[in-house]
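The shown structure was predicted, so the numbers you read here are calculated from the model rather than taken from an experiment. So that the names make sense, note that chain A is the first sequence line, chain B the second, and so on, each numbered from 1.
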Amino acid sequence: MSISSSTAVVGRPTATPRRKIKVLSRRRRKIQNALVAYSFIAPNFIGFAVFTLGPILFAFALAFMHWDGSNAITFAGLDNFWRLFEDKAFIAAFWNTIIYTVVSVPATLVCALGLAILLNQKIFGRDFFRTAMFFPYVASLVAVAVVWNMIFNPEMGPVNMILYTLGLDPKDMPGWAADRHWAMVTVILFGIWKSMGYYMVIYLAGLQGINSELYEAANLDGANSWQKFIYVTVPQLAPTTFFVTVMLTIQSFKVFDQIYMITQGGPGTSTLVLVYHIYNEAFISWDLGYSSMVALVLFFLVLAVTIVQFRRQRED
Amino acid sequence: MRIAGRRVTTKTVAIYALAIVITAVMLMPFAWMLSASLKLSRDVFVFPIEWIPSEPQWQNYVDIWTKIPLGLFIYNTSKLTIIVTLLQLLTSSFAAYAFAKLDFPYKNTLFLGYIATIAMPWQVYMVPQFLLMREFGLNNTHLALICLQAFTAFGVFLMRQFYMSIPTELCEAARIDGMNEYQIWAKIMLPLSKPALSTLTIFTFVTTWNDFLGPMIYLTKTELKTIQIGLRMFISQYSAEYGLIMAASVVALIPVLVVFLSLQRFFVEGVASSGLKG
């Protein structure tokens with residue numbers, strides 16, 4: 001301030017070039033700062049743009065093409081889209097994905113909340129219990145899926161053996177992964193077992209965020225445990241529940257690995273899901289355009305859920 | 001009732017009983033795996049279950065190394081996991097520093113590019129990504145898997161959220177002291193961001209180590225396979241060798257168990273904080 005006012009007093013002729021230099025150097029400085037910033041971003045962004053952004057744009061274009069990966073690409077217009085409605089496997093995969101989601105999301109959510117409330121109590125060995133619940137989530141899927149298949153083996157597995165000793169007739173025994181009525185149940189049970197520990201941790205964080213004064217006030221009003229749960233815990237956890245629901249829904253739409261490992265989408269098409277169909281169309285049939293169209297359906301399902309989440313966050 | 005001078009209520013007993021039963025059910029598959037890994041294949045399904053085998057078959061743990069190149073699979077997976085995790089930590093925290101603490105043109109646009117893809121399932125673009133890698137001649141190389149896993153929007157987002165919580169005054173003070181931006185990142189931001197770095201380490205380690213679909217699409221040569229698809233190959237080749245399959249599964253689980261147990265404190269905090277902010 002004082003410098004600029006003194007130059008103004010000294011006279012104009014000297015002031016103009018100085019100001020020019022100042023403006024120039026400020027601009028140079030700005031460019032320099034931007035270059036430094038870009039140098040921070042570049043290593044990640046270049047990789048991200050080439051291997052993620054590019055393929056995403058390509059995926060959208062490919063959905064309207066015919067391509068087998070080696071011959072020339074031809075424009076398909078809406079052919080792939082109309083094909084969806086005639087493709088029985090796609091229709092089965094779509095509904096199976098919806099069924100998987102509709103059953104496993106609320107089931108996992110309730111289990112996770114129950115576990116979180118149980119392990120939020122001050123009990124001895126609490127950390128051990130929490131770690132044990134969480135471990136299936138990080139355990140390698142191939143390893144645990146093969147155990148799952150053995151445990152649920154219809155002829156020799158311990159689960160059916162236990163059912164047998166409990167007096168269940170061998171004729172009524174569930175065939176689990178080998179039975180078209182039970183295959184989806186087997187896969188869903190596996191999903192719940194594997195992921196509920198993760199959502200339990202998110203719920204634990206939510207529970208710890210509840211103001212304890214609310215419980216004290218409820219105590220003063222003479223509320224019992226159930227009333228406290230319904231009138232304090234559940235409403236206070238609403239944001240967490242919403243977040244968990246969104247995460248679980250997106251995860252369920254994307255389910256693949258466990259199905260590949262446990263049922264291979266079968267028997268028949270009883271556990272065929274969208275990602276499995278994308279995989280089959282692309283890497284088994286090499287129908288890349290159609291596979292991308294199925295992927296687009298998956299994208300719009302996830303997008304719908306994300307938009308709901310975004311709206312909700314804005315309201316909060 | 002009183003135990004060790006404490007009053008024990010029915011409620012406490014019920015809570016412990018419930019916690020123990022649920023934990024037992026959750027861990028049962030692991031116990032079964034461990035037990036079966038020490039049995040002869042024909043004894044695996046004997047009922048009632050013999051949890052501690054009377055004649056433990058330690059030979060299973062010797063045989064698996066010669067039946068399949070398990071050592072090579074573990075080496076491949078470790079190599080991939082370590083490189084991906086290091087690259088992820090380095091490039092994410094580097095980019096996140098600029099997004100959190102520096103000002104530059106198109107900052108919001110670029111960041112939006114990251115945010116928009118966070119919810120995008122990888123399965124939507126895995127096919128074009130595969131075609132691109134094939135075009136680059138990266139099919140059947142580990143480099144392909146490194147490229148596709150090392151630069152994630154999630155990493156940048158997680159680190160940026162954490163850096164936002166570090167006061168900007170710290171950076172300004174350092175600038176006045178004559179540090180340049182790279183020094184501020186290395187000497188101030190990195191040491192302060194240990195919790196976020198640990199969270200990202202575990203997430204990246206676990207996803208890369210356990211990744212199945214990626215290696216299955218890209219790696220068809222046996223000598224390149226990772227432990228997950230190697231194990232899968234083993235299972236389909238020796239489908240009746242239950243004891244051996246279980247032994248190999250136990251071996252595949254151990255590294256994750258070690259990393260998880262040593263970093264689990266950070267993990268639980270990390271899941272809780274990053275999860276809720278997302």
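- Within the 4.5 angstrom heavy-atom criterion, only side-chain atoms of A/S291, from C-beta onward, approach chain B.
- Within the 4.5 angstrom heavy-atom criterion, atoms from both the backbone and the side chain of A/S39 approach chain B.
- A/I56 touches chain B through backbone and side chain together, each having a heavy atom under 4.5 Å away.
- Contact annotation for A/F128: only side-chain heavy atoms (C-beta onward) come within less than 4.5 Å of a heavy atom of chain B.
- Heavy atoms closer than 4.5 Å to chain B are found nowhere in A/L57, neither backbone nor side chain.
- Heavy-atom distances place both the backbone and the side chain of A/F299 under 4.5 Å from chain B.
- Both the backbone and the side chain of A/F135 come within less than 4.5 Å of a heavy atom of chain B.
- A/Y199 and A/Y203 have their aromatic ring centers separated by at least 6.0 angstrom.
- Taking the six-membered ring for Trp, B/F30 and A/W193 have ring centres closer than 6.0 Å.
- Between B/F151 and A/F45, the gap from one ring centroid to the other reaches at least 6.0 Å.
- For a residue to count as touching a neighbouring chain, one of its non-hydrogen atoms must lie under 4.5 Å from one of that chain's; by this rule A/M261 touches chain B with backbone and side chain alike.
- For B/F104 and A/Y38, the ring centers sit closer than 6.0 Å to each other.
- Only the side chain of A/V302 comes within contact range of chain B, judged by heavy atoms closer than 4.5 Å.
- Taking the ring centre of B/F111 as origin, the terminal cationic atom of B/R160 falls inside the region bounded by 6.0 Å and 45° from the ring axis.
- If you look at A/F152 and A/F190, their ring centroids are not closer than 6.0 Å.
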